[in-house]
Colleague: 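Handing you a structure now.
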Protein chains: 2
Amino acid sequence: MPGAGTGYPDRVKPSGRPTIKDVAKAAGVSPTTVSHALNGKGVVRRETVQNIERIAAEIGYRPSAIARGLQNSRLGLLALVIRPFHSLDTFLPEGVDYFLRIAGSASLTAMEHGYSMMLVDDPTRPGVPLSALAADAYIVTEPFEDDPVLTMLTEQRIPFVTVGADPARRGEFLEIDEGAEQQASLMISHLAEVGARRIALVTGTDRNDWNLGSIRTLEAWAAERGQEPLVFAMPEAEGEHAGETIVSHFLDGDPGNRPDAIFCLTGRHAAGVTAAAIRRGIRVPEDLLVAGGSGAMQNRTSSPTVTTLDLHPEETARRAVEIAVRLAEGRDLELPLTVPSATLDIRESTTRS
Amino acid sequence: MPGAGTGYPDRVKPSGRPTIKDVAKAAGVSPTTVSHALNGKGVVRRETVQNIERIAAEIGYRPSAIARGLQNSRLGLLALVIRPFHSLDTFLPEGVDYFLRIAGSASLTAMEHGYSMMLVDDPTRPGVPLSALAADAYIVTEPFEDDPVLTMLTEQRIPFVTVGADPARRGEFLEIDEGAEQQASLMISHLAEVGARRIALVTGTDRNDWNLGSIRTLEAWAAERGQEPLVFAMPEAEGEHAGETIVSHFLDGDPGNRPDAIFCLTGRHAAGVTAAAIRRGIRVPEDLLVAGGSGAMQNRTSSPTVTTLDLHPEETARRAVEIAVRLAEGRDLELPLTVPSATLDIRESTTRS
DNA sequence: CTGAAAGCGCTTACAG
DNA sequence: CTGAAAGCGCTTACAG
């Protein structure tokens, strides 16, 4: 019998959370029975279950995810590795909305499946916390060429799925990837349809499939027309500031190599190009077509608004999480993986009346 | 001796990761010694340490964060609870860049301190994964009035710090908070300085301190001048689309109650208001001053650009993490907490030449 | 229907 | 300098 006048709450250890033992003691049963009762396993009498549930609630018992995770080495934790995450000191990577949409959707989808989502930028850096490697499965967005993160996860036998392929190892891993070529083609075809004859491509500088695959596509398109491909790489981090440099690069050079359309993979580059062109008195879309790859928010509000691709990051993240959950649980995957297709958001910058 | 021709790797369990036992067996020592050697605890002969380290590397041994966490019930995991996270189905909450900057900075700062960062939207929802409650400490951004998340964390004795106060319980918890009043005053003073006589405030609809405190500030300002306060609430989620409604609300009504400045706490509302005003032939800033609270990206690129506050989310997140880490480790805090002050980004929408 | 025992993978006094 | 034992908080056969 507890101390005079004290109820159950007083019986819990003064420091720290109550454990299954505290519940057992308070209910006058064994920890095994508490476990059975609370998890609906085994066979426990109705009243016993109800009594245990009541007492557990009273003393605020909550099972430890850590102790439970120790049984099957699974924590119910997924990790999202956003590769270009801190390429900027201000955490506004190119496609800020793209990544937040990925992270938000991934985190919510994970919850729906009973998992939490951890945000990691680079688990291969020396000194990463042990917990960064404790996830049950990983999602790696936009891996780099021969990405060491993928190599490490493979070596450690930690399951993962990538969003976008490792350009040097396509097909070696589980990937959710429509293919940058497909996506770039969509925009290039659109530009050609509305009259572009000479399309310039502006990429970022990360060596990921989005940049490298798009270059291949533009090169093929140019080759078909017997043109020299017009390709220019700018750091994603430059954002709108890159506009002046890009416009100057393409329009101040050899007039024979002047594009009539500029396709910037980075939405903010496209915003910058549009603004820079207009400052020079070049009309968009009349004199110059401009389009963005991964759409940035300002492309919807600038004047003129800028045509972009919608890569459907929420849906992509959702599928990535569903795969990661299956991997974590060692369940079967129905291959091949279906992926959402990019769509065009056609706006003023490519609409000639 | 291992099977003929086989090296250490074959000795690890066929399924699953190698454990400390595998290393011990391979090195011919006890698990205790492996633990000591790998963690630099106790006293172990140099050669033994080196041998163990070599073997551990060979068989790809990595200690389990879960097992280690069981000792002190700490995982090295922090949780970031972004309260307004999925108020939008597309995961673009108001201040998309604000929250990504918070999340990015928090996640990197956590890593620097040896912690990982988990993204959680609402740990009080029924059926949340156990892991969502397994963090060593929580950071809750922009709590609501009487926020149940704070109540739950308190009940469960899980340490946390808030970014922005719970408006109904200011001072009850650890908070990083300059105070919405301070921040709103900064902008209102600026507007008054550049000529505003009648300032309208547009808030969001979440019952957090940012909205509620700003209203108090505007009401006080109006009262000092013997004016009726002009306040209007619009869901954050409406984004730029809210512009038309807001402009119509303030400018189509009683001419005696017409503002000469509109201060939208939500940057995207400010963007919408600017665009809507211009569509009506109202010049910004000549006829109407417009300003935003939490700056959105398009405020920097729209025409005219829009004056906003910079709440310095990276620095705020950094401090929140540092506090969370101290809480997680049960270390002392040097109170009072210093917080970064909001600053003004003055742009065209409030610059009259 | 209930519980004692073993075990998940580590760490940490403690004994040798 | 090294290791056997106990323990972190659970779950899971298994025995009663």
Side-chain angles (χ1 to χ4, degrees), chain A residues 12-13 15-53 55-56 59-76 129-131 133-134 136 156-158, chain B residues 12-13 15-53 55-56 59-76 129-131 133-134 136 156-158:
Chain A
V12 307
K13 277 184 309 196
S15 71
R17 288 165 29 187
T19 72
I20 198 169
K21 279 188 195 164
D22 297 314
V23 181
K25 222 169 282 172
V29 297
S30 74
T32 304
T33 303
V34 175
S35 175
H36 282 157
L38 259 27
N39 297 307
K41 301 264 174 86
V43 200
V44 187
R45 220 190 329 155
R46 279 186 72 91
E47 303 124 57
T48 314
V49 172
Q50 291 174 347
N51 189 37
I52 288 173
E53 281 173 346
I55 289 175
I59 70 180
Y61 170 71
R62 185 167 44 80
S64 152
I66 304 179
R68 190 174 279 177
L70 196 53
Q71 318 294 325
N72 44 13
S73 14
R74 291 205 282 106
L75 264 183
L130 226 45
S131 51
L133 296 168
D136 306 339
Q156 301 275 351
R157 302 188 204 155
I158 303 176
Chain B
V12 308
K13 277 185 310 195
S15 71
R17 287 166 28 187
T19 75
I20 199 171
K21 278 188 197 166
D22 296 314
V23 180
K25 222 169 283 174
V29 298
S30 76
T32 304
T33 303
V34 174
S35 175
H36 282 159
L38 260 26
N39 296 310
K41 302 266 176 83
V43 199
V44 187
R45 219 188 331 153
R46 280 185 73 90
E47 302 127 57
T48 314
V49 171
Q50 292 175 346
N51 189 38
I52 288 173
E53 280 173 347
I55 289 175
I59 71 180
Y61 170 70
R62 186 166 43 81
S64 151
I66 304 178
R68 191 174 279 176
L70 196 53
Q71 317 295 326
N72 42 12
S73 20
R74 293 204 282 104
L75 263 185
L130 226 43
S131 50
L133 297 168
D136 306 338
Q156 300 276 351
R157 301 187 205 156
I158 302 176

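Reminder, nothing fancy here: chain letters follow the sequence lines and each chain counts from 1.
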Colleague: When the distance from CD1 of I66(A) to C1' of dG9(C) is rounded to whole Å, what number comes out?
Modeller: 13 Å
Colleague: Who are the side-chain contact (heavy atoms from CB on, under 4.5 Å) partners of T48(A), not counting sequence neighbours?
Modeller: V29(A), T33(A), V44(A), R45(A), I52(A)
Colleague: Take atom CZ of R74(A) and atom C1' of dG9(C), then tell me their distance rounded to the nearest Å.
Modeller: 17 Å
Colleague: Can you tell me how far the CG atom of L130(B) sits from the OG atom of S64(A), to the nearest 0.5 Å?
Modeller: 7.5 Å
Colleague: Compare side-chain N and O positions of S30(A) against OP1 and OP2 of dG3(C) and report whether any pair is under 4.0 Å apart.
Modeller: yes
Colleague: Take atom CD1 of I52(B) and atom C1' of dC10(C), then tell me their distance rounded to the nearest Å.
Modeller: 15 Å
Colleague: Quick check against the 3.5 Å criterion: does N51(B) have a side-chain atom that pairs as donor or acceptor with the backbone of E47(B)?
Modeller: no
Colleague: Atom NZ of K21(B) and atom P of dA5(D): how far apart are they, to the nearest Å?
Modeller: 14 Å
Colleague: Produce a footprint string for nucleotides 11-16 of chain D: one letter per nucleotide, 5' end first; B if the base is under 4.0 Å from any protein heavy atom, S if only the sugar-phosphate is, - if neither.
Modeller: SBB---
Colleague: Tell me the interatomic distance from D22(B), atom CG, to dC8(C), atom C1', rounded to whole angstroms.
Modeller: 13 Å
Colleague: Working to the nearest 0.5 Å, report the span between CD1 of I66(A) and CG of L75(A).
Modeller: 7.5 Å
Colleague: Which string of ( ) [ ] | and . matches DNA chain D, if you list each base 5' to 3' and count Watson-Crick or G-U pairs only when both distances are under 3.5 Å?
Modeller: |||.||||||||.|||
Colleague: Output every pair passing salt bridge (charged side-chain N to carboxylate O under 4.0 Å, His left out) with a member in residues 27-42 of chain A, not counting sequence neighbours, ordered by first then second residue.
Modeller: none
Colleague: What's the CG-P distance between L70(A) and dC10(D), to the nearest Å?
Modeller: 12 Å
Colleague: Applying side chain to side chain donor-acceptor pair (under 3.5 Å), can you list everything that pairs with E53(A), at least two apart in sequence or on another chain?
Modeller: none
Colleague: Show me the pairs that pass salt bridge (charged side-chain N to carboxylate O under 4.0 Å, His left out) and involve residues 29-38 of chain A, at least two apart or across chains.
Modeller: none
Colleague: Could you tell me how far apart K25(B) (NZ) and dA4(D) (P) are, to the nearest whole angstrom?
Modeller: 13 Å
Colleague: So how far is it from R68(A) CZ to S35(A) OG, rounded to the nearest 0.5 Å?
Modeller: 7.5 Å
Colleague: Rounded to the nearest angstrom, tell me the gap between atom CG in L75(A) and atom C1' in dG9(C).
Modeller: 13 Å
Colleague: To the nearest 0.5 Å, tell me how far Q156(A) CD sits from R17(B) CZ.
Modeller: 7.0 Å
Colleague: Below 4.0 angstrom from OP1 or OP2 of dT2(D), is there any side-chain N or O of T48(B)?
Modeller: yes
